[in-house]
Amino acid sequence: MRFIDVADMDLFGRYAEAMRLFAERRWSAARSAFAALSDDYPKDGPTATMLNRATQLQDMPPPPQWDGVWDDLGGQSAAQSASLRSSALRR
């Protein structure tokens, strides 16, 4: 049996804070929080994933009605994917 150690508690707490920033759509702050976590925990997959998403959303924010669903196939938010499909159809 493995118990949660101090390093795990640090990771979990900081990850929760970064996720709060992400949920509040504070992309730059979320990206910075995930980047700092990634520096300290480079093998943590969820942190790497969320750092990538925060970076993408900082560069191309979703519309206000975005529900947070992420399209894993395209590596974009569902709103970004829908927007790209919609603009391609108008061409």
Side-chain angles (χ1 to χ4, degrees):
M1 174 185 280
R2 184 177 181 275
F3 292 96
I4 296 175
D5 61 21
V6 174
D8 292 335
M9 293 302 293
D10 177 64
L11 171 61
F12 298 158
R14 291 171 58 200
Y15 187 89
E17 173 62 14
M19 286 299 296
R20 183 185 64 77
L21 296 167
F22 187 89
E24 292 174 355
R25 296 172 176 246
R26 294 173 56 192
W27 312 125
S28 179
R31 188 197 164 291
S32 294
F34 285 120
L37 266 175
S38 184
D39 288 344
D40 293 341
Y41 302 95
K43 294 181 180 182
D44 185 60
T47 294
T49 296
M50 294 310 295
L51 173 57
N52 183 39
R53 290 179 183 181
T55 300
Q56 287 183 45
L57 291 170
Q58 182 179 3
D59 293 342
M60 186 176 161
Q65 69 274 17
W66 179 52
D67 61 4
V69 173
W70 198 266
D71 176 4
D72 283 335
L73 297 176
Q76 301 165 331
S77 70
Q80 289 170 319
S81 296
S83 174
L84 292 173
R85 284 191 296 272
S86 155
S87 64
L89 291 174
R90 286 191 295 258
R91 291 183 195 161

ask   = Does the side chain to side chain contact (heavy atoms under 4.5 Å, CB included) test come out yes or no for D40 and R14, once each step is laid out?
value = CA-CA 11 Å; D40 293 341; R14 291 171 58 200; 2.9 Å; yes

request  = Starting at OG of S38, measure out to CG of N52 and round the result to the nearest 0.5 Å.
outcome  = 10.5 Å

message = Could you measure the distance from the CG atom of L21 to the CE atom of M50? Nearest 0.5 Å is fine.
response = 11.0 Å

query = Looking only at heavy atoms, what is the nearest atom pair of A18 and A33, with distance?
reply = CB-CB, 3.6 Å

message = Can a side-chain donor-acceptor contact be found between Y15 and D44 if the only test is distance below 3.5 angstrom?
response = no

ask   = Is a side-chain N or O of W27 found less than 3.5 angstrom from the main chain of A30, in a donor-acceptor match?
value = no

remark   = Closest non-hydrogen atoms of V69 and D67, given as atom of the first, atom of the second and distance, are N-OD1, 3.0 Å

inquiry  = Which label fits F34 and F22: parallel for a plane angle under 30°, tilted from 30 to 60°, or perpendicular past 60°?
reply    = perpendicular

ask   = Cluster question for you: counting only ILVMFWY and a side-chain heavy-atom cut-off of under 4.5 Å, with indirect links fine, are L37 and V6 together?
value = no

request  = Drop me the distance from L57's CG to R25's CZ, to the nearest 0.5 angstrom.
outcome  = 8.5 Å

query = Under 4.0 Å between a Lys/Arg side-chain N and an Asp/Glu carboxylate O for E17 and R20?
reply = yes

message = Please report the interatomic distance OG1(T47) to CG(L11), rounded to the nearest 0.5 Å.
response = 5.5 Å

